[in-house]
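Every chain is numbered from 1, with letters handed out A, B, ... down the list of sequences. Side chains included, hydrogens not; waters and symmetry mates left out as well; all remaining heavy atoms used.
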There are 2 protein chains.
Amino acid sequence: MPRRRITQTDVAAMAGVSQATVSFVLNGNTPAGVRIGEETRQRVLDAIRITGYTANPVAQRLAGGLTQILGVFTYEATFPRASRDFYGPFLVGIEHAAERLGVDLLLFTSAPAVGGRRQLTRDGWQRLGVADGCLLLGQHEDRGELQHLLDTNYPFVFIGKRGSDGGRLPYVGADYVGATVRQVDRLVGLGHERIGYVGVRGTDQPTLDRVEGYRKALKARGLATVFVESDDVAAAADEIGARSLTAVVVAPENHPEELADELERRGSRVPDAVSVLLLGQPHHPRRGGRRWSGFSVPREEMGVRALHLLSRLAAGDGNGRDRDGRRGAAVPDAELHQLLPCPDVDGATAAAAP
Amino acid sequence: MPRRRITQTDVAAMAGVSQATVSFVLNGNTPAGVRIGEETRQRVLDAIRITGYTANPVAQRLAGGLTQILGVFTYEATFPRASRDFYGPFLVGIEHAAERLGVDLLLFTSAPAVGGRRQLTRDGWQRLGVADGCLLLGQHEDRGELQHLLDTNYPFVFIGKRGSDGGRLPYVGADYVGATVRQVDRLVGLGHERIGYVGVRGTDQPTLDRVEGYRKALKARGLATVFVESDDVAAAADEIGARSLTAVVVAPENHPEELADELERRGSRVPDAVSVLLLGQPHHPRRGGRRWSGFSVPREEMGVRALHLLSRLAAGDGNGRDRDGRRGAAVPDAELHQLLPCPDVDGATAAAAP
DNA sequence: ACCCGCTAATAATGCGCATTATCGAATTGA
DNA sequence: TCAATTCGATAATGCGCATTATTAGCGGGT
């Protein structure tokens, strides 16, 4: 038999004051012209102590505006092993930021997964309303959804750069272009002149950016681009030899570990004969695997920044006042799109040209 | 300009009906004597579609409904590497169950972590109210908190057996006692007679249960118990030799991998000279590490069961009706405490007595 | 004409709290 | 002495929804 919760009214009765008085005492506030005598204040505090009263958060939110909940939507199940390796670092950052912001995280697990991919269906949308705003992780190209997001003016932030509708979608991404340029420059600095790009050409943003960076850097140096596009590692290794490349850059999803193995099997030591720079972290770090040179994507930091941005966007929402009664100020456009630098990693797979 | 949320009243205005009507249409209910004509119903549904209305869950909750949100509280940060290995499997199960139940998960990241441990402070409690119920992971012995949980009659379920206040706290745990008994029996079946228990004596429930199982099994067989309690692995290995044990059981937190290494360094091959059974999964599975014999804790399954249990408890809460307008039936006491069996694992660390 | 029964909907209320407007009494100023 | 000010607190309202009580309209039966 559900015992009724103690309410402010109960406390008020016990202290012989009105509910409003209790509310004032609790919040410490005495907005404009309201004053509570010290003696009364103590009576109320005593009553609170005795009854063990705790405020009903739901009512608080309803009266106040924001829920102090931020949503996280992932397009795949979040926790299974494979996803965990990928989402993990982002979530670390997100969780950390959430803690500092004093915000709870809502995972939209109710969205039905169709063929392993979550759908943001109409029903899914409904649920978003709980949170003051929502973070979106993963690739998704459903135009309808994006449009709906913009239309409803619901605060959200993508993790990962958005190219197509760029101007309108707030995101926190990584600067793949710049980082890739730097990798090529490193190689040139080491004396390399025949530098290839290994990997299947995808249309996902990171790949586009890596290719762009590669192109840009080589052009600036007046060198020729060489794309090794075979999705078969052995064939790729062959091609590298045939084209007498002395260095390649390769994205993590293109099996760099196996590629290096194949190269060495053909007598091309890494990095002595061929330098290999990795454009991002290894996807499945092997114990005893190579120490890759290249750059790393600051996933954790991205999580942090994304949640902070979202928090600011959300603060301007609802009837929302923040904790201190201030409305959130508008977020400057410049902050709506953040590209974080990817730090270089010095490993053991880059060396001077032979 | 803060986007005001669309409310039922807005929808009602657009459809030319009353707020109440919208509510009825939404819930499908037509409680006792209220009827909505088909044509009106359509108008309302259209208005909902056009406005993109989504119910404010906070208001729903305040009015007595359920939010279809279940909370997850972990006593440590959830995602950092170390925790992830531990919490991961539970979360996989929880997420899976959430998806099937059509429920969202709320992570209480707002609870301030003090010294790496989350506190469920007064402020933390407030937040719980948003969720229909809450799952609790990790050890916590704060009596005050537990009492508060019970007092407020808030639905919750522990993951991991609760011994002390057992009768009153709903939990889903693993049958460490039974599983440990089986391990000893396996060893006895292999001809072992001097079987030790390696590990520091903690007061945490799993340890208590493992010790109990160990005691019980040896007693039933009429064999003597030998506790190797040194928290130094080398010392433990020495002691195993000195006591001429032919087999030991060891909990994962007691560095089994290092222990085995130490044993072999002393010339005692595992399992030829000494069998070692692991009472649970390795905490930090090493690549190329041993294939342990012993048992495994069904963490994923525990997550699933816990969320299902919680869901049922929560359904009986508030003024709560579930989606179909039925009240949750009372949950039988027998289901309030679930102990799942831990399947045996056949690895390469157990052999016949020398 | 009148009451009955039925349909289709609305008005009104409360959930627990924050907040605004309001009020009575005590004190001050001239 | 009477208006003005300050102090101390309360009444009232709204947040968005679920739910209960109530009303309005209308055809049929006697």
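For the pair B:Glu38 CD and C:dT7 P, the interatomic distance rounds to 16 Å; values are reported in whole Å. Per the geometry, CD belonging to B:Glu39 stands 18 Å off P belonging to C:dT7, to the nearest Å. For the pair A:Leu62 CG and D:dT13 P, the computed distance is 18 Å after rounding to whole Å. As a whole-Å value, the separation of B:Asn27 CG from D:dG16 C1' is 13 Å. The CD1-C1' distance, from A:Ile36 to D:dT10, rounds to 9 Å in whole Å. In this structure, the CZ atom of B:Arg43 is 11 Å from the C1' atom of C:dA9, given to the nearest Å. Atoms CD (B:Gln8) and C1' (D:dC15) sit 13 Å apart, rounded to a whole Å. Between the C1' atom of C:dA9 and the CZ atom of B:Arg41 lies a distance of 15 Å, rounded to the nearest Å.
Distance from the side chain of A:Phe24 is smallest to C:dT20 among C:dA9, D:dA9, C:dT20. Considering only the side chain of B:Asn56, D:dG16 comes nearest among C:dT10, D:dG16, C:dA21.
Taking the side chain as every heavy atom from C-beta outward, B:Thr74 and B:Leu135 never approach each other to under 4.5 Å. Using a 4.5 Å cut-off on side-chain heavy atoms (C-beta onward), B:Glu335 and B:Arg312 make contact. Between A:Leu136 and A:Ile159 there is no side-chain heavy-atom pair separated by less than 4.5 Å. Between A:Leu26 and A:Gln8, some side-chain heavy-atom pair lies under the 4.5 Å cut-off. A heavy-atom distance below 4.5 Å is found between the side chains of A:Leu45 and A:Val25.
If you check residues 9-22 of chain B against DNA chain D, the residues with a heavy atom closer than 4.0 Å are B:Gln19, B:Ala20, listed by number.
Here the straight-line distance linking atom OG1 of A:Thr109 with atom CG of B:Leu105 works out to 3.5 Å at 0.5 Å rounding.
By the 4.0 Å N-to-carboxylate-O rule, A:Asp46 lies too far from A:Arg43 to be salt-bridged with it.
Note on B:Gln60: a side-chain N or O is less than 4.0 Å away from OP1 or OP2 of D:dA18. Not one side-chain nitrogen or oxygen of B:Arg35 sits closer than 4.0 Å to the OP1 or OP2 atom of C:dA9.
Counting any heavy atom pair closer than 4.0 Å across all strands shown, B:Thr7 reaches sugar-phosphate atoms only and no base atom.
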